[in-house]
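Residue indices begin at 1 and follow the sequence shown. Each ligand, and each atom within it, is numbered from 1 in the order the structure gives.
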Amino acid sequence: MVELAGAWKASSKNSNKAKIVMDAVRNSGSLYRDGLGMIASENIVSPMVQKVVGSDLHGRYAEGLPFKRYYQGCGDFDTIEDLGINLAKQLFKAPFANIQSISGTVSNIATLKAISNPGDDITAVSTADGGHISHARMGAVGLRDLNLSTYPWNEERMEPDIDASIKLIHDVKPKVALFGQSVFLFPTPLEDLAQAAHDVGAKVMYDGAHVLGLIAGGCFQNPLEEGADIMTGSSHKTFPGPQGGLILSSSKDEKFQRKLNNAIFPGTCSSYHLHHVAGKVIALAEFMEYGEDLSKNTVKNAKALGAALASEGFDVLAESRGYTASHQVLTRHGSLDSGAGAKAADLLEQAGIITNMNMLPGDTKAMSPSGLRLGAQELTRVGMGVDEMKDVARFYSRVLIDKEDPSSVKSDVKEFKSEYQTIRYCFNEDELSGYPL
Ligand SMILES: Cc1ncc(COP(=O)(O)O)c(C=O)c1O
């Protein structure tokens, strides 16, 4: 790690400050190149996406929709965005797609703007049970001034308690019934819940930020077929594109579709980061070719990782359901609110394994939770399979159970990772097949 604060003070020239940034960027790249990136919300982009994200499009504007712009010079970008909208519709079997949103959170803010008014009721998964902060008063739900009621949770199954949630929806009669989580091990039992929501006149919104790639690859659930009116998501988690968002809808109603488009521009974005949109379109094209295999292998690897960690002696959640049906695995490292998850994450980082501490059912303190949330998507992207998940579990065990010095494990992690330096499931270009800067 570059000692930024100290280096900043010592440096009088602005060019030195820029150098500090370049060094830190390079170091951050090395951390992931030599280590195991296992944060469930992250991924690495393909060589072609890397190229497009660094292109001249970065400095351009294209307000409006393809072929209906406020600026000149957008002809080539019209081709790109139009292609991307059509690819997204095809991939998600959706009559509507907007690919402009600059993040999953912005997709949620825009969607809530389109389908609710201040003072309306919304039902969602609580953050304690794995809902995202944008589903909470502190996030997009509060920004839209909605009244939040959270679904009763089935801890054993790690999903909303179906009967009690249907009762909640009948009682509250929300304008929006929001589903989906950040801690997302199993598909939401959506059909009955969506039916209950539609019965009381609610729109059903499904936040697929984490599982978008698994959905596109046919490996999780298909929310738009199971009753969701709108699906939002990030384009950079299990869907392996550049940072950004998407909004998809099962609605063929053009007036409703216009509302969703308007909620992005002019509703929540002016520039919508054209270089990232172009990167999303490349990622969509790559996904059409390789996505099914990538998603299938990601879920297979996550299940294998759960089993391997359990046989090393870790407390892996949801054993009775095979640990996971997504890219995520949850492990508990001590008693509730003990901060054991934070300590484990820190030790693992010292060994070159990048994870995040996470609240598990029963934890109440976000900064001192008992658990870790792990993701298998990035390791899958560089070609690891179920056998390698056993090697990965062994590294965890050496650090956290055998209490080996993390720095000695780190050199073994680096050697292990040196075999996995090519980004797979994408169109590789000769001069650019490996990790980004
Ligand atoms: C369920 C869910 N929704 C939305 C988001 C926000 O996505 P972004 O980081 O793209 O804004 C996240 C982030 O991890 C998430 O887990």
Inter- and intrachain pairs under side-chain hydrogen bond (donor to acceptor under 3.5 Å, both in side chains), touching residues 243-267, at least two apart
Asn98-Asn261
What pairs meet the side-chain hydrogen bond (donor to acceptor under 3.5 Å, both in side chains) rule with one or both residues in residues 179-192, with sequence neighbours excluded?
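Matches after skipping sequence neighbours: none remain.
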Can you confirm whether Lys89 is buried at NZ, in the sense that more than 12 heavy atoms of other residues, nucleotides or ligands lie under 6.0 Å from that atom?
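More than 12 within 6.0 Å, yes.
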Find all protein N or O atoms under 3.5 angstrom from an N or O atom of ligand 1 and list the pairs with distances, or write 'none'.
| residue | atom | partner | partner atom | Å |
| --- | --- | --- | --- | --- |
| ligand 1 | 3 (N) | Asp207 | OD1 | 3.3 |
| ligand 1 | 3 (N) | Asp207 | OD2 | 2.6 |
| ligand 1 | 7 (O) | Ser234 | OG | 3.1 |
| ligand 1 | 10 (O) | Gly104 | N | 2.7 |
| ligand 1 | 10 (O) | Ser234 | OG | 2.9 |
| ligand 1 | 10 (O) | His236 | NE2 | 3.4 |
| ligand 1 | 11 (O) | Ser103 | OG | 3.4 |
| ligand 1 | 11 (O) | Gly104 | N | 3.4 |
| ligand 1 | 11 (O) | Thr105 | N | 2.9 |
| ligand 1 | 11 (O) | Thr105 | OG1 | 2.8 |
| ligand 1 | 14 (O) | Lys237 | NZ | 3.0 |
| ligand 1 | 16 (O) | Ser182 | OG | 2.7 |
| ligand 1 | 16 (O) | His210 | NE2 | 3.4 |

Do Tyr290 and Phe427 make the cut of ring centroids closer than 6.0 angstrom?
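When the ring centroids of Tyr290 and Phe427 are compared, they turn out to be within the sub-6.0 Å range.
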Check for me whether the distance between the ring centres of Phe287 and Tyr425 falls short of 6.0 Å.
no
Under 3.5 Å, sequence neighbours excluded: what are the donor-acceptor pairs made by side chains of residues 140-154?
| residue | atom | partner | partner atom | Å |
| --- | --- | --- | --- | --- |
| Arg144 | NE | Leu112 | O | 3.4 |
| Arg144 | NE | Ser116 | O | 3.2 |
| Arg144 | NH2 | Lys113 | O | 3.2 |
| Arg144 | NH2 | Ser116 | O | 2.7 |
| Asn147 | ND2 | Gly119 | O | 3.0 |
| Tyr151 | OH | Thr123 | O | 3.2 |
| Tyr151 | OH | Thr123 | OG1 | 2.9 |
| Tyr151 | OH | Leu178 | N | 3.4 |
| Tyr151 | OH | Leu178 | O | 3.0 |
| Asn154 | OD1 | Glu156 | N | 3.1 |
| Asn154 | OD1 | Arg157 | N | 3.0 |

